[in-house]
Structure formats: structure tokens, C-alpha cells
Amino acid sequence: MTNSFKIWRMLAVTALLIVVVGWVAWYQGFLRPAEHYRPENSIMVLMPYRYGGTWVFDDPAVGLRKEPFIAGMPEIIDEMVKDIPDAEKGFRLLFSKQPFPGYTLKLTWRRGGNTGNWYYCEQYDKEGWLCPALFKYYREAPKEIFVKAENK
């Protein structure tokens with residue numbers, strides 16, 4: 001092997017490692033710009049609707065389309081919207097890490113698991129899983145999430 005070939009081989013391996021480490025860092029959120037995350041006291045709004053037998057939402061600002069709620073969360077949402085007419089066509093869901101005026105529900109973090117996080121809703125005595133899309137809104141899984149559902 002010539003010295004030239006060894007140098008090119010080392011450069012190629014180094015470049016590949018840089019790409020892989022960079023991708024992992026981006027995926028884990030280490031390289032995302034700070035403005036991607038909202039301030040700690042932000043109230044965020046989603047507009048969930050029924051699609052394919054479950055609740056889903058779109059948020060083009062963070063690259064989500066028909067993102068489903070699963071594993072217990074649809075049942076919690078069903079309870080939340082039972083008094084909202086035509087909620088399956090869409091309703092307004094406000095949520096925050098901090099209590100806000102008029103919130104009606106509190107989800108309490110129980111445990112992480114399989115890339116998502118399990119939350120308990122004492123009001124309905126139900127547990128639900130929030131998928132990694134949660135990290136589109138928060139750097140870390142909040143210990144509590146305060147929620148309000150209302151007509152759009």
C-alpha cells in the first residue's frame with residue numbers, strides 16, 4: 001500500500017465518522033438551533049382531528065403531518081372532548097409545561113420507554129404514551145404537561 005492510498009483511506013473513514021456523529025447529534029437534538037424550542041412558559045396549540053380511527057395532528061412548523069396519538073392517549077383525548085361538538089373534525093388543544101389560566105387537565109410523567117414517555121392523567125385515571133414528537137416541542141420530557149381542549 002502506498003502512503004497516498006493510506007492517507008485517502010484515513011480521510012474517507014474520518015469523513016464518514018464525522019457524518020455519522022453529526023447525524024446522531026442532530027437526531028438527538030444537540031445541534032438544533034435554540035429558537036427551535038419555545039420558552040419554558042409557552043402555551044402551544046395543536047389542532048387534532050380524527051383520521052384512520054385515531055386522533056392525529058399536523059404541525060408543518062416542526063415537520064409533522066398526520067402524527068398519531070397512540071397507546072392510551074386517544075382514550076384520554078376522547079374523555080377531554082366528549083362535550084365538544086364535532087371534535088372529530090378538529091378541536092383546539094392547548095398545552096404547556098407551566099400551569100396556565102383555564103387549563104383543565106394535568107398529565108404527570110411516569111417513565112420513559114421505547115423512545116417515548118408515559119404520562120398519567122389522574123382526572124381520568126388513565127395512562128398514555130407520548131411519542132418522540134414530544135421532542136419537537138421540548139428538549140426533555142416535561143415532568144408535567146398542562147392541557148386544555150376547546151372548540152376551534
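- Partners of D58 by salt bridge (charged side-chain N to carboxylate O under 4.0 Å, His left out), not counting sequence neighbours: none found.
- Looking at L130 and W109, their side chains never come closer than 4.5 Å, going by heavy atoms from C-beta outward.
- For V81 against A149, the heavy-atom pair with the smallest separation is CG1-CB, 4.1 Å.
- Aromatic ring centres of Y137 and F95: separated by under 6.0 Å.
- To the nearest 0.5 Å, the span separating OG1 on T54 from NZ on K66 amounts to 13.5 Å.
- Hydrophobic clustering of Ile, Leu, Val, Met, Phe, Trp and Tyr side chains at less than 4.5 Å, counting indirect connections, unites F100 with V45.
- Nearest heavy atom pair, residue A141 against residue F135, reads N-CE2, 3.6 Å.
- In terms of hydrophobic clustering, with Ile, Leu, Val, Met, Phe, Trp and Tyr side chains grouped at heavy-atom distances under 4.5 Å, L134 and L46 are assigned to a common cluster.
- Note on M73: it clusters hydrophobically with L93, by side-chain heavy-atom contacts below 4.5 Å among ILVMFWY residues.
- No side-chain heavy atom of E144 sits less than 4.5 Å from a side-chain heavy atom of Y119.
- Taking the centre and axis of the six-membered ring of F146, the NZ or CZ atom of K106 falls outside the cone set by 45° and 6.0 Å.
- Residues P85 and N151 have side chains in contact (heavy-atom distance under 4.5 Å, counting atoms from C-beta outward).
- F69 and F57 have their aromatic ring centers within a separation under 6.0 angstrom.
- Nearest heavy atom pair, residue G112 against residue N117, reads CA-OD1, 3.6 Å.
- Under a 4.0 Å N-O distance rule, the pair R111/E127 qualifies as a salt bridge.
- When all heavy atoms of S96 and S42 are compared, the pair lying nearest together is OG-O, 2.9 Å.
- With salt bridges taken as basic N to acidic carboxylate O contacts below 4.0 Å, one links D78 and R50.
- Salt bridge status for E150 with K148: present, with a side-chain N to carboxylate O gap under 4.0 Å.
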